[in-house]
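Predicted model only: the values in this text are computed from it and were never measured. Just the heavy atoms: all of them, side chains too, but no hydrogens, waters or symmetry mates, feed the values below.
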Amino acid sequence: MNFKKISCDDIAIGVRFSAPVFFDDGVNMFLAEGKSAKAYHLATIKRWKVPYLLSYGHIIQDFDANGVNKVEDEDVEELEDLEELDSVD
């Protein structure tokens, strides 16, 4: 695979990639394809002093030309009420 180096400065909360992102060893995954970076991801690379990350993908642009987020929040299915069961003898 032809990995590209990604500066840790390019990783921000909400950033997503078109392919998995790996730590600088090229083996251990940092972020799965399409998953958003969270605050704990940023804290990890800072705490571990990771110099760069690797990926064969690119940053997925989630914002249009006006800076509006194109990704809508995921809907969470509502839970149905549980029906009461007769006692089991």
Side-chain angles (χ1 to χ4, degrees):
M1 287 183 213
N2 290 331
F3 284 121
K4 294 181 249 177
K5 281 187 179 181
I6 302 166
S7 170
C8 289
D9 295 335
D10 292 341
I11 306 298
I13 293 174
V15 128
R16 298 183 313 131
F17 287 84
S18 63
V21 178
F22 297 90
F23 284 99
D24 53 345
D25 63 3
V27 176
N28 294 299
M29 190 183 313
F30 169 72
L31 195 61
E33 174 184 338
K35 297 296 180 182
S36 300
K38 309 285 188 224
Y40 64 86
H41 291 114
L42 300 177
T44 299
I45 58 177
K46 185 176 182 179
R47 183 175 58 246
W48 292 351
K49 299 178 181 161
V50 176
Y52 58 87
L53 299 169
L54 299 171
S55 182
Y56 50 87
H58 60 276
I59 292 177
I60 298 173
Q61 299 297 327
D62 291 335
F63 297 91
D64 65 15
N66 298 319
V68 176
N69 191 343
K70 295 189 292 188
V71 176
E72 296 180 20
D73 292 334
E74 296 178 13
D75 291 333
V76 177
E77 293 181 26
E78 290 187 32
L79 297 176
E80 295 180 15
D81 290 333
L82 296 176
E83 62 183 72
E84 299 235 356
L85 297 176
D86 295 332
S87 63
V88 178
D89 294 322

If you define the side chain from C-beta out and look only at heavy atoms, does anything of [X] sit under 4.5 Å from [Y]?
| X | Y | answer |
| --- | --- | --- |
| Ile59 | Phe17 | yes |
| Leu53 | Ile45 | yes |
| Phe30 | His41 | yes |
| Asp24 | Trp48 | no |

Exercise. Ignoring hydrogens and angles, tell me if any N or O in the side chain of Ser36 forms a donor-acceptor pair with the backbone of Arg16 under 3.5 Å.
Key: no
Over all atoms of both residues, closest heavy-atom pair of [X] and [Y]:
| X | Y | value |
| --- | --- | --- |
| Ala19 | Ser55 | O-OG, 3.7 Å |
| Phe23 | Met29 | CE1-O, 3.7 Å |
| Gly57 | Ser18 | CA-OG, 3.3 Å |

Quiz prompt | Gap separating the NZ atom of Lys38 from the CG atom of Leu31, nearest 0.5 angstrom | solution = 9.0 Å
Quiz prompt | Interatomic spacing from CG in Asn28 to CG in Leu54 - rounded to 0.5 Å | solution = 11.0 Å
Kindly write out the residues that satisfy side chain to side chain contact (heavy atoms under 4.5 Å, CB included) with [X], not counting sequence neighbours, or none if the list is empty.
| X | value |
| --- | --- |
| Lys4 | none |
| Ala12 | none |
| Asp9 | Ser7 |

Quiz item: What orientation do Phe3 and Phe22 show, parallel under 30°, tilted 30 to 60°, or perpendicular over 60°?
Solution: perpendicular
Quiz prompt | Derivation of the side chain to side chain contact (heavy atoms under 4.5 Å, CB included) call for Ile11 and Ile6 | solution = CA-CA 8 Å; Ile11 306 298; Ile6 302 166; 4.0 Å; yes
